[in-house]
Asker: 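I'd like to ask you about the structure that follows.
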Protein chains: 2
Amino acid sequence: MALKHTILAFLSRQPLSGYDVAKEFAEGFGSCFWKASQQQVYAELTKLEQQGSVTYEAIPQPGRLDKKIYSITDQGQQELLDWLTQPCEPAAIREDLGVMGLAGHLVSSQVVIREIERRRQLHVEMVQHVKKLDEHFSQHLDSLDLKDLYMHLVIRRGIRYQEEWVAWCDEALQAIGQTVKR
Amino acid sequence: MALKHTILAFLSRQPLSGYDVAKEFAEGFGSCFWKASQQQVYAELTKLEQQGSVTYEAIPQPGRLDKKIYSITDQGQQELLDWLTQPCEPAAIREDLGVMGLAGHLVSSQVVIREIERRRQLHVEMVQHVKKLDEHFSQHLDSLDLKDLYMHLVIRRGIRYQEEWVAWCDEALQAIGQTVKR
DNA sequence: CGTTTCATGTAACACGTTACATGATTAG
DNA sequence: CTAATCATGTAACGTGTTACATGAAACG
């Protein structure tokens with residue numbers, strides 16, 4: 001149930017609207033470690049508000065729906081704290097591309113190669129995207145406080161993850177190329 | 001809906017019982033790229049059998065429940081093939097530890113450090129475990145056929161993934177250590 | 001004048017987790 | 001004698017995805 005805690009963690013830094021939280025997941029810092037859809041975010045915020053973990057202030061906007069600015073409550077902060085002090089497990093891996101390793105022999109090596117090349121390109125783009133998020137932090141590495149260092153490290157995890165994928169794609173393409181030639 | 005296709009892919013290599021498939025996910029080759037519980041596997045096999053993607057042969061065993069040996073049908077193989085020739089997306093990331101990057105400032109750095117050290121240890125163990133799965137393949141790298149090369153590459157992905165985690169943990173521990181001292 | 005951004009949601013369905021249930025065989 | 005392994009499942013619940021729904025403002 002960590003969507004709850006991820007949202008609480010965002011709100012522990014600053015009050016945000018549902019729209020802003022959803023954007024964090026889609027393109028922002030959140031994209032390094034958590035995926036959530038817009039619908040999930042709105043539903044979860046409604047639930048958290050009903051349970052007293054967050055409150056919102058409705059900001060009227062001319063010619064537009066009210067913006068609901070959510071903040072974390074003391075209760076919510078306590079829940080987040082309780083969760084943070086418990087050990088957590090590594091994420092479950094569910095990687096479609098792995099299925100090709102089991103059943104790749106059913107299709108031509110061209111199909112496998114094309115798919116890996118496609119993946120490589122996706123991850124190259126992700127590296128660039130995530131590196132942009134890190135720019136501010138990596139430029140002042142020596143003067144970061146702990147709060148910002150933690151953010152930098154999570155983004156670093158994102159960068160390394162994506163770079164690792166690119167490296168694996170290269171290793172795989174080379175090995176397949178050699179074996180096909182043989 | 002790739003649990004279906006992952007199971008079909010296992011059965012495309014050789015007929016297996018539900019118990020064997022579940023074991024693949026828990027400790028075997030499957031653990032490199034897919035997580036599924038025993039209950040999920042049994043439920044999915046029942047469904048696949050009803051839909052005609054797999055069949056089973058019940059093997060009577062003295063003093064034990066019949067073992068159901070599942071095989072893929074032509075229909076199942078076609079479904080798998082259709083799925084394989086479509087492009088697939090990278091897995092969604094949902095990593096609890098990332099939440100610490102957002103909210104780590106709420107707990108002491110000792111808590112963060114301890115959690116990263118715990119994670120490091122887990123991944124070190126995983127590296128060892130996954131490397132064992134690769135032993136057979138890595139010893140005959142130059143003579144692998146495509147089928148086995150694909151398996152080797154998926155296991156390599158597993159190894160690299162786990163090693164990458166260990167490397168990040170080291171980077172993070174060092175950076176936090178330095179910042180705390182300052 | 002069309003697309004993206006801002007801003008909110010509902011509803012149905014698919015997928016995954018946790019807990020429960022049973023029982024013989026084998027290894028230490 | 002105890003624990004792990006083999007072997008199968010059911011039921012309730014929680015989480016995530018897909019599709020649908022609305023509508024103004026700002027940008028090019």
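Letters A, B, ... are given to chains in the order of the sequence lines, protein chains preceding strands, and every chain is numbered from 1. Here the structure is a predicted model, which is why all the values come from computation and not from measurement.
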Asker: With sugar-phosphate meaning primed atoms plus P, OP1 and OP2, does B:K4 contact a base, only sugar-phosphate, or nothing at under 4.0 Å between heavy atoms?
Answerer: nothing

Asker: Any Lys/Arg nitrogen of B:R156 or A:E171 sitting under 4.0 Å from an Asp/Glu carboxylate oxygen of the other?
Answerer: yes

Asker: For A:D145, is the CG atom crowded, meaning more than 12 foreign heavy atoms sit under 6.0 Å from it?
Answerer: yes

Asker: Is the terminal nitrogen or CZ of B:R157 (NZ for Lys, CZ for Arg) located under 6.0 angstrom from the six-membered ring centre of A:W165 and within 45° of that ring's axis?
Answerer: yes

Asker: For B:I59 and D:dT8, give me the distance from atom CD1 to atom P, rounded to whole Å.
Answerer: 11 Å

Asker: Report the distance from atom CG of A:D20 to atom C1' of C:dT5, rounded to the nearest whole Å.
Answerer: 12 Å

Asker: Contacts to DNA chain C from residues 29-53 of chain A, heavy-atom cutoff under 4.0 Å, which residues?
Answerer: A:Q38, A:Q39, A:Y42

Asker: To the nearest Å, give me how far apart CD (B:E57) and P (D:dA7) are.
Answerer: 15 Å

Asker: Under 4.0 Å between a side-chain N or O of A:R94 and OP1 or OP2 of C:dG16?
Answerer: yes

Asker: Taking only Lys NZ, Arg NE, NH1 and NH2, and the carboxylate oxygens of Asp or Glu, determine whether B:E49 and B:K68 approach each other closer than 4.0 Å.
Answerer: no

Asker: Phosphate oxygens OP1/OP2 of D:dT5: is one of them under 4.0 Å from a side-chain N or O of B:K23?
Answerer: no

Asker: From D:dG16, D:dT8, C:dT8, pick the nucleotide closest to the side chain of B:K68?
Answerer: D:dT8

Asker: Have A:Q121 and A:E117 got a donor and an acceptor in their side chains that come within less than 3.5 Å?
Answerer: no

Asker: Take atom NZ of B:K67 and atom P of C:dA24, then tell me their distance rounded to the nearest Å.
Answerer: 18 Å

Asker: Tell me yes or no: between the side chains of A:Q86 and A:D82, is some donor less than 3.5 Å from an acceptor?
Answerer: no

Asker: When you check the gap from the basic side-chain N to the acidic O, do B:K131 and B:E163 get nearer than 4.0 Å?
Answerer: yes

Asker: Expressed as a whole number of angstroms, how long is the span from B:Y56:OH to D:dA7:P?
Answerer: 16 Å

Asker: Please give, in whole Å, the distance from C:dT17 C1' to A:E89 CD?
Answerer: 14 Å

Asker: Using five base pairs at each end to define the local axes, how bent is the helix from C:dC1-D:dG28 to C:dG28-D:dC1, to the nearest 10°?
Answerer: 60°

Asker: Go through D:dA7, C:dG16, D:dG16 for me and flag the one nearest to the B:L3 side chain.
Answerer: C:dG16

Asker: Within this structure, what is the CD-to-C1' distance between A:E24 and C:dA7, rounded to whole angstrom?
Answerer: 17 Å

Asker: Using a distance-only test with no angle check, is there a side-chain donor-acceptor pair under 3.5 angstrom linking A:Q139 and A:E135?
Answerer: no

Asker: Will you find, in the side chains of A:H123 and A:R119, an N or O donor that is under 3.5 Å from an N or O acceptor?
Answerer: yes

